Student: 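I have a structure here, written as structure tokens, and I will follow up with some questions on it.
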Amino acid sequence: PMAGAPVACGAWPLELDGLSEAARHLGVLFQIQDDLLDLYGEKGRDAVGNDIREGKRSLLVVHALARADEAKRRWLRAVLDAPREATSDEDVAAAMRLMEDVGAVGACLEEVEARRLLARQAVADARLVGLVDGLAEVCLAPIAALRAAWTSRATEEDRAFCLEMLPRVSRTFALSIEMLPEGLRESVRVAYLLCRVLDTVEDDVRAPVDLREALFDLFDRLMREDGLAPAAFAAGGSSLGMTDDERVLMAGSASVFRVWRSLPAEHRAAIGPWVLEMSDGMRGYCRRRDAEGVLRLRDLDDLERYCGYVAGTVGALLTGLFRAEVPTARVAPAARGDDGGSFGLGLQR
């Protein structure tokens with residue numbers, strides 16, 4: 001159906017192929033959200049969990065059966081195989097808890113985001129990308145609240161990953177960050193890891209241009225949109241990195257984003273704009289390198305501008321965090337541009 005109308009309009013074969021491929025991923029995306037909606041939304045039916053009562057082997061069930069221990073698998077199969085009238089509300093609630101506990105809900109939401117990314121990558125024309133994005137949003141609107149709530153959860157495993165990765169991808173920062181007051185450590189740790197993720201995208205010259213652009217786009221959206229699951233970024237960027245530790249960080253970057261979303265609002269307000277400015281600057285210099293074949297800093301002003309993006313932004317976000325956490329500190333707010341350049345020269349030196 002998605003390719004039929006363009007055929008009537010005389011679309012090019014490549015456009016038709018792209019739309020057909022996008023529609024294939026959107027169809028899977030829609031089916032997964034429909035399965036989630038049966039448990040966590042309102043489908044206009046008489047009860048929640050009708051798929052469980054009917055014994056449907058949805059993707060949720062597939063993930064649950066793959067991840068649960070043998071006793072829980074036997075119990076879940078028994079509930080699904082029982083007659084509809086024999087399945088109680090308590091059975092449905094217990095099945096939902098099982099799916100949540102073993103990560104089946106999170107896995108399905110991650111698959112939704114992966115399919116959305118694959119759908120938009122299937123088309124090249126900017127207008128068609130807008131069409132695909134719009135259709136995905138329409139499909140996902142009924143589970144917007146679930147996505148926002150679930151993708152913002154940071155687990156102890158997420159925090160442990162960030163704590164483990166900091167000394168593996170930093171030099172001296174890992175030592176100094178752990179000396180900060182407790183209220184600042186996690187925020188500065190996560191801010192630093194977000195910057196290292198950007199560094200990895202920028203530094204890996206082997207990365208295809210389209211992949212790098214898509215990752216910059218997705219990174220910016222993840223910083224701004226709490227309802228967007230970070231699994232697609234982790235999957236897309238898992239091959240990037242000049243060292244093993246960088247590749248581990250990219251593959252586990254979903255944990256970094258989840259901890260980022262759990263930070264106090266005041267801390268996020270201090271960090272977010274500067275990390276996004278770093279992203280914008282790194283993207284611009286990557287584009288120059290792609291166009292010219294090598295990155296050359298043209299003059300002193302260009303050097304200062306580059307230092308402002310890659311290091312000055314760090315000094316500025318730290319200033320914002322210190323102002324938020326240490327009320328007695330006499331620190332002026334960092335101004336975008338001017339102070340960033342000064343910070344950049346100081347930190348880079």
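A quick note: this is a predicted structure, and the numbers were derived from the prediction, not measured. FYI, side chains are in, hydrogens and waters are out, and symmetry mates aren't considered; it's all heavy atoms of this structure.
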Student: Quick check against the 3.5 Å criterion: does Thr313 have a side-chain atom that pairs as donor or acceptor with the backbone of Val310?
Tutor: no
Student: Using the rule that two of Ile, Leu, Val, Met, Phe, Trp, Tyr join whenever any of their side-chain heavy atoms come within less than 4.5 Å, decide whether Val123 and Val138 are in one cluster.
Tutor: no
Student: Are Val275 and Trp260 side-chain neighbours, meaning at least one heavy-atom pair lies under 4.5 Å?
Tutor: no
Student: Working to the nearest 0.5 angstrom, can you tell me the gap between Arg74 CZ and Asp69 CG?
Tutor: 8.5 Å
Student: Would you compute the distance between atom CG of Asp245 and atom CE of Met250 and round it to the nearest 0.5 angstrom?
Tutor: 13.5 Å
Student: Is Asp302 paired with Arg288 through a side-chain N to carboxylate O contact shorter than 4.0 Å?
Tutor: yes
Student: Closest approach of Cys162 and Ser255, non-hydrogen atoms and distance?
Tutor: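 Residues Cys162 and Ser255, closest heavy atoms: SG-O, 4.3 Å.
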Student: Compare every heavy atom of Arg247 with every heavy atom of Ser239, then report the nearest pair and how far apart it is.
Tutor: O-CD, 4.1 Å
Student: Stepwise, does the side chain to side chain donor-acceptor pair (under 3.5 Å) test hold for Asp220 with Ser279?
Tutor: CA-CA 7 Å; Asp220 291 353; Ser279 176; 2.7 Å; yes
Student: Salt bridge (charged side-chain N to carboxylate O under 4.0 Å, His left out), that's the test. Do Glu164 and Arg159 meet it? Break it down for me.
Tutor: CA-CA 9 Å; Glu164 176 192 352; Arg159 292 187 167 88; over 6 Å; no
Student: As a quick check of understanding, evaluate side-chain contact (heavy atoms from CB on, under 4.5 Å) for Lys72 and Leu65, giving each step before the final call.
Tutor: CA-CA 8 Å; Lys72 291 177 180 177; Leu65 291 174; over 6 Å; no
Student: How about Arg268 and Ser187: does a side-chain donor come under 3.5 Å of a side-chain acceptor?
Tutor: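 No pair is found: no donor N or O on one side chain lies under 3.5 Å from an acceptor on the other.
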Student: Could you pull out the closest heavy-atom pair between Leu317 and Ala191, with the gap in Å?
Tutor: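 In terms of heavy atoms, the two residues are closest at CD1-CB, 3.8 Å.
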Student: For the CD atom of Glu277 and the OH atom of Tyr309, what is their distance to the nearest 0.5 Å?
Tutor: 6.0 Å
Student: Are Arg212 and Cys286 close enough that some pair of their side-chain heavy atoms sits under 4.5 Å apart?
Tutor: yes
Student: Hey, does the side chain of Arg261 reach the backbone of Asp226 with a donor-acceptor pair shorter than 3.5 angstrom?
Tutor: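 Yes.
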Student: So do Trp75 and Leu98 actually touch side chain to side chain, heavy atoms under 4.5 Å?
Tutor: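 Yes, at least one pair of side-chain atoms sits under 4.5 Å.
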Student: Spell out, as yes or no, whether a donor-acceptor pair under 3.5 Å connects the side chain of Arg196 to the backbone of Val169.
Tutor: yes
Student: Quick one, Leu303 and Leu300 - any side-chain contact, counting heavy atoms below 4.5 Å?
Tutor: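 Of all side-chain heavy-atom pairs linking Leu300 with Leu303, at least one is under 4.5 Å.
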Student: Please check if Leu218 and Val209 belong to a single hydrophobic cluster, counting links between Ile, Leu, Val, Met, Phe, Trp and Tyr side chain heavy atoms closer than 4.5 Å.
Tutor: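 Shared cluster, no.
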Student: Is a salt bridge present between Arg287 and Asp290, judged by a nitrogen-to-oxygen distance below 4.0 Å?
Tutor: no
Student: Following the transitive rule for hydrophobic clusters with a side-chain heavy-atom cut-off under 4.5 Å over Ile, Leu, Val, Met, Phe, Trp and Tyr, establish whether Leu59 and Leu76 coincide in one cluster.
Tutor: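 Yes; tracing contacts between hydrophobic side chains, which count when under 4.5 Å, links both residues.
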Student: Between Met99 and Ile52, which heavy-atom pair has the shortest distance, and what is it?
Tutor: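 Shortest heavy-atom contact: CE-CD1, 4.2 Å.
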Student: Examine distances only and state if a side-chain atom of Glu246 and a backbone atom of Met242 form a donor-acceptor pair shorter than 3.5 Å.
Tutor: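 A pair under 3.5 Å: yes.
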Student: Would Glu113 and Arg116 pass as an ion pair if we require N to O under 4.0 Å?
Tutor: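 So Glu113 pairs with Arg116 through a salt bridge.
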Student: Look at the aromatic rings of Tyr192 and Phe173 and report parallel, tilted or perpendicular, splitting at 30° and 60°.
Tutor: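 Answer is tilted, since the angle falls between 30° and 60°.
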Student: Would you please say whether a donor-acceptor pair under 3.5 Å links the side chains of His267 and Glu186?
Tutor: no
Student: Is the shortest side-chain N to carboxylate O distance from Glu182 to Arg185 below 4.0 Å?
Tutor: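 Salt bridge flag = no for Arg185 with Glu182.
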Student: Do the side chains of Arg57 and Asp81 get close enough for a salt bridge, i.e. N-O under 4.0 angstrom?
Tutor: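 A salt bridge links Arg57 with Asp81.
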Student: Is any side-chain heavy atom of Leu249 less than 4.5 Å from a side-chain heavy atom of Arg168?
Tutor: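 A side-chain contact is absent here, since even the closest heavy-atom pair is not under 4.5 Å.
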Student: With salt bridge (charged side-chain N to carboxylate O under 4.0 Å, His left out) as the criterion, how do Arg24 and Glu21 come out once you've worked through the C-alpha distance, each side chain's angles and the decisive distance to 0.1 Å?
Tutor: CA-CA 5 Å; Arg24 184 173 70 85; Glu21 178 70 1; 2.9 Å; yes
Student: Can you check whether Leu198 reaches Phe216 side chain to side chain, under 4.5 Å on heavy atoms?
Tutor: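 Leu198 reaches Phe216 side chain to side chain.
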Student: Please check if the number of heavy atoms outside Glu266 that lie under 6.0 Å from its CD is greater than 12.
Tutor: no
Student: Do Asp35 and Lys56 meet the salt-bridge criterion of a basic N to acidic O distance under 4.0 Å?
Tutor: yes
Student: Before you tell me yes or no, could you show the steps for Tyr285 and Arg305 under side-chain contact (heavy atoms from CB on, under 4.5 Å), namely the whole-Å CA-CA distance, both residues' side-chain angles and the distance that decides it to 0.1 Å?
Tutor: CA-CA 10 Å; Tyr285 279 98; Arg305 187 179 307 110; 3.8 Å; yes
Student: Would you say Leu118 and Leu215 are hydrophobically clustered, going by side-chain heavy atoms of ILVMFWY under 4.5 Å?
Tutor: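 Cluster IDs for Leu118 and Leu215 differ.
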Student: Salt bridge check, Arg283 against Asp217: does any charged N sit closer than 4.0 Å to a carboxylate O?
Tutor: yes
Student: Side chains of Leu135 and Met2: does their closest heavy-atom pair fall under 4.5 Å?
Tutor: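 SC-SC contact between Leu135 and Met2 confirmed.
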Student: If you round to the nearest 0.5 Å, how far is CG of Leu194 from CG of Leu222?
Tutor: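 Reported value, rounded in 0.5 Å steps: 10.0 Å.
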Student: With a 3.5 Å cut-off and no angle check, do the side chains of Ser88 and Asp91 form a donor-acceptor pair?
Tutor: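 Asp91 and Ser88 do have a side-chain donor-acceptor pair below 3.5 Å.
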Student: Stepwise, does the side-chain contact (heavy atoms from CB on, under 4.5 Å) test hold for Leu131 with Leu19?
Tutor: CA-CA 10 Å; Leu131 171 66; Leu19 284 170; 4.3 Å; yes
Student: For the backbone of Arg258 and the side chain of Asp158, can you confirm whether one donor and one acceptor N or O come within less than 3.5 Å of each other?
Tutor: no
Student: Supply the atom-to-atom distance Ile177 CD1 to Leu166 CG, rounded to the nearest 0.5 angstrom.
Tutor: 4.5 Å
Student: Taking side chain as C-beta onward, heavy atoms only, is Arg206 less than 4.5 Å from Leu240?
Tutor: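 No - every pair of side-chain heavy atoms lies 4.5 Å or more apart.
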Student: Using every non-hydrogen atom in the two residues, find where Met223 and Phe257 come nearest and quote the distance to one decimal.
Tutor: SD-CE2, 4.3 Å
Student: Can Phe161 and Val256 be said to form a side-chain contact (heavy atoms from CB on, under 4.5 Å), step by step?
Tutor: CA-CA 8 Å; Phe161 175 82; Val256 181; 4.2 Å; yes
Student: If you compare all heavy atoms of Arg53 against all heavy atoms of Thr87, which two are closest, and at what distance to 0.1 Å?
Tutor: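 Nearest heavy atoms, Arg53 then Thr87: NH1-O, 3.2 Å.
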Student: Rounded to the nearest 0.5 Å, how far does CZ of Arg221 lie from CG of Leu117?
Tutor: 9.5 Å
Student: In terms of hydrophobic clustering (I, L, V, M, F, W, Y; side-chain heavy atoms under 4.5 Å; direct or indirect links), are Phe30 and Leu36 co-clustered?
Tutor: no
